[in-house]
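As structure tokens, the structure follows; a few thoughts come after it.
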Amino acid sequence: MPNVQLPPKESNLFKRILKCYEQKQYKNGLKFCKLILSNPKFAEHGETLAMKGLTLNCLGKKEEAYEFVRKGLRNDVKSHVCWHVYGLLQRSDKKYDEAIKCYRNALKLDKDNLQILRDLSLLQIQMRDLEGYRETRYQLLQLRPTQRASWIGYAIAYHLLKDYDMALKLLEEFRQTQQIPPNKIDYEYSELILYQNQVMREADLFQESLEHIETYEKQICDKLLVEEIKGEMLLKLGRLKEASEVFKNLIDRNAENWCYYEGLEKALQLSTSEERLQIYEEISKQHPRAISPRRLPLNLVPGEKFRELMDKFLRVNFSKGCPPLFTTLKSLYYNTEKISIIQELVTNYEASLKTCDFFSPYENGETEPPTTLLWVQYFLAQHFDKLGQYSLALDYINAAIASTPTLIELFYMKAKIYKHIGNLREAAKWMDEAQSLDTADRFINSKCAKYMLRANMIKEAEEMCSKFTREGTSAMENLNEMQCMWFQTECISAYQRLGRYGDALKKCHEVERHFFEITDDQFDFHTYCMRKMTLRAYVDLLRLEDILRRHAFYFKAARSAIEIYLKLYDNPLTNESKQQEINSENLSAKELKKMLSKQRRAQKKAKLEEEKKHVERERQQKNQKKKRDEEEEETSGLKEELIPEKLERIENPLEEAIKFLIPLKNLVADNIDTHLLAFEIYFRKGKFLLMLQSVKRAFAINRNNPWLHECLIKFSKSVSNHSNLPDVVSKVLSQEMQKIFVNKDLESFNEDFLKHNATSLQHLLSGAKMMYFLDKSRQEKAIAIATRLDETIKDKNVKTLIKVSEALLDGSFGNCNSQYEEYRMACHNLLPFTSAFLPAGSEVGGHSAALNHTANCDVLASEI
Amino acid sequence: MKGSRIELGDVTPHNIKQLKRLNQVIFPVSYNDKFYKDVLEVGELAKLGTKMLNHVLNICEKDGTFDNIYLHVQISNESAIDFYRKFGFEIIETKKNYYKRIEPADAHVLQKNLKVPSGQNADMQKTDN
């Protein structure tokens, strides 16, 4: 359709439409659109239709918006306005790639349109199309050389592309135009200088950086940073004497920053520990109240000197009452000599303080206040807890509690000890006690919620959190809104243990969405930071966003999601019931009837609840939509709602798993679990080369990993079972597997693994599982290996023993109920407090191994 | 004794349980929940002093071996002096420079005679009131 030019009256109206859009007066904008379009001559005017669509989008009427914009575009394909508008629409839906295409089309039609170029550059940096970004910024610079954002944007483009020379040339050119008199302090200028200096340091131009910082230091606001840069550069340039002066000054400013001590040591190049001790002594004299010069030497010295320094350090801190004392010393606990020295010192203090008020019976002078004994006992509880001597730890913490029953730290520690013992209910109980003593303290409240989640007490945890969350919404909803991921990841694990896969997956997706939002939120900063000149922070932000999904929260959510999807692939849920198959042969007709009717009732109840929730959700959505319409805000599209029942019955679980896997493969490739999870997925998809890639990468990280061992055996078996692979593939497979298996058959490979790891229960378990897997007739022998509890085994701890017992129950060794009972009793003798091994009938510790075994577990779960 | 630092803090609905716990452990009597509700409502622990002092006097009476109770009060603390006088305490002495870290440093000694015939003299010390 040919482009109809608007006559003056309509042309003015159109200009007003654009103004209304800019000023967010959407209703007025629509009025003007109507005025133009109601005239039959212009009813099909492309650009007006497009603007109408854009305005409707801002009012939340997405579908109509697209209709109108597309219509407008069809009517006027050569209009850059239409393409621009279409791009804006796509951008508002976060379809950034599409939006870029639209902008490019718009630019073809109007090469030097500033607005379109700006919008395009924002999208390019958002999508990290750095080459494109540089080009666009060059065009912007040519069009507007007087605007400072043009120069900055162009320089940043080169910086991100690691072309430091160009970046520095541009920054220097730009700096010179800034004409700030040398005695004036201007924050934006200061930030520019620091950014320039950062680029120099990244380019390894140490000399230039040092000269630069010295030239401009009077105009830099962040005086501390100036000194730190000087120190670092002097070190890099080998000017050690000057460097040491700088670091000494830095320590005078702040004697607790360990980096300064590191810098000082590098500068002084001391070789013997005596010399190093000397330095710390001097600094400690100059800064008598600083902790670091007293703490750091403890890392350096062994034996008698260590005892002497530790004795001093401990006494001062126990007298004063330093709650995190153990935490500051924890890092020394890899060294057995140091551990025993500490133990000797502190247990002696305790014995002495109980009888006389001194650290040792042979002293006199001022006595210790009663709190000293308290902190000593608190320390000992933590000490023995770390060493795994839980009985003793409990004794000490209980003694402390008896003397000071109002100190929250004590109950916190008691809860921790029970957690390590493996009695999670008891742990939650004591954490609850701790939080009840100060209900205004959100930290202890959150800790309590976490411990409840560990004990699978999900409802209670939610109630606990609700004491601090916003009124009017449910705690779960508010915590999701606040992106409270520690809570959500703990929920994921709890739901997983309870077998409530739908609920777990919902939370996994919620966490994933947070990461998406955080990535998306950087959009506004592209303009904002350039305007405000906070360039260092801006570049840091970009770099953070690049590796965002490396964060532990994402890893936890992704790992759980993958594990669940794998389970759902192996055992899909049917549409009929959520409950396990009833072994109806074992039940009498009457019992069976009873059970079925109970199921039906439970289903009906669940359905009713679901409907109620659905109605409530709809009502809330309606309200929200109404609110939005009234506020006329720009919407970014409602996210599809997450419904647990739908999530756990997904058609293609492996595809969903892969979506979670990809960021892990890109960003967390150094964690062996990434590759092992990848293997499990590709194994089920039958993708041999990808399986090979996964095990190779895992093998490179740690060839002796127990899970990897299981994967290797499964892999090898699978390869030999598939004789119809294409030649090329077979060749590569046998070549690569040769490097791993080295001609051994699987049985010998497994035997060697068992021999090599004869004292590690984790490895023995994997080897035993594989022994059974390769030859079911060796069940007895396999179980005997896995259930070894003799003296030589080094890792007979709570976690590992629970793992073994779970394996006995989940079919890894076939049917072995009696062996499981025997094992449970033996473990109970070893670890009498651990819930998982308590005889049936005592308090359940919340471990899914026990729960999965009862037919009623899902009924229980849905009532929790 | 080495510097044992003592600080005062308010009792609020958030930490009322700590007060409960203290009372449970220190006193042989346990107060019911209404007591603590009152504590919070009144705000400034009014009447708590009376209750506690009565409690102490009861203990001494039951025990029967106490002759006197005495305590020190900073000379400027008129409300405390009035309070104790209501219970029958009298100023019997003034000690100069009794306090190390507050001004005025002098303290009155207040004593209540329990009129018990046996010769034992027990003293119950109270810190600044």
Side-chain angles (χ1 to χ4, degrees), chain A residues 289 314-323 349 352-353 356-360 363-376 398-412 414 429-445 448 464 467-468, chain B residues 1-45 48-49 51-52 55-56 59 71-72 97-102 105 107 122-129:
Chain A
R289 300 173 96 190
L314 287 170
R315 284 170 181 245
V316 165
N317 281 295
F318 281 135
S319 276
K320 180 178 171 194
C322 174
Y349 297 156
S352 175
L353 286 165
C356 60
D357 292 321
F358 292 103
F359 280 114
S360 77
E363 286 168 26
N364 44 29
E366 281 189 46
T367 55
E368 295 296 324
T371 48
T372 308
L373 175 58
L374 169 70
W375 295 119
V376 166
N398 285 329
I401 289 177
S403 81
T404 316
T406 52
L407 184 58
I408 294 180
E409 276 83 344
L410 300 177
F411 295 103
Y412 181 3
K414 187 166 179 175
K429 170 177 150 207
W430 286 108
M431 204 48 101
D432 187 25
E433 180 67 24
Q435 72 78 32
S436 70
L437 291 172
D438 188 353
T439 56
D441 183 335
R442 193 169 192 175
F443 166 76
I444 197 74
N445 172 284
C448 182
M464 183 58 60
K467 296 187 188 183
F468 281 93
Chain B
M1 195 191 286
K2 269 195 212 165
S4 46
R5 302 172 312 280
I6 300 178
E7 283 175 30
L8 295 176
D10 286 330
V11 176
T12 71
H14 289 295
N15 61 17
I16 188 79
K17 192 169 171 184
Q18 291 187 38
L19 179 61
K20 240 190 201 171
R21 186 57 57 76
L22 279 174
N23 284 348
Q24 271 170 350
V25 171
I26 297 175
F27 297 131
V29 181
S30 76
Y31 295 92
N32 66 29
D33 288 331
K34 179 153 191 322
F35 173 72
Y36 293 101
K37 188 160 162 287
D38 290 343
V39 164
L40 289 171
E41 267 168 25
V42 169
E44 284 172 53
L45 302 199
L48 183 60
K51 289 208 166 95
M52 295 188 116
H55 187 78
V56 165
I59 292 176
L71 59 106
H72 295 80
N97 291 317
Y98 179 78
Y99 297 109
K100 303 281 185 268
R101 289 194 198 158
I102 52 177
D123 71 65
M124 309 196 70
Q125 265 195 326
K126 273 190 176 243
T127 48
D128 306 319
N129 211 343

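To find a chain, count down the sequence lines: A is the first, B the second, and so on, and within it residues start at 1.
Atom CG of A/L437 and atom NZ of B/K20 lie 11.0 Å apart (nearest 0.5 Å). Atom NZ in A/K467 sits 10.5 Å away from atom NE2 in B/H14 (nearest 0.5 Å). Between the CD1 atom in B/I16 and the CG atom in A/D438 there is a gap of 12.0 Å [rounded to 0.5 Å]. The structure places CD of A/E433 at 4.0 Å from NZ of B/K17, a figure rounded to the nearest 0.5 Å.
Here the shortest heavy-atom pairing between B/P13 and A/T439 reads O-OG1, 4.2 Å.
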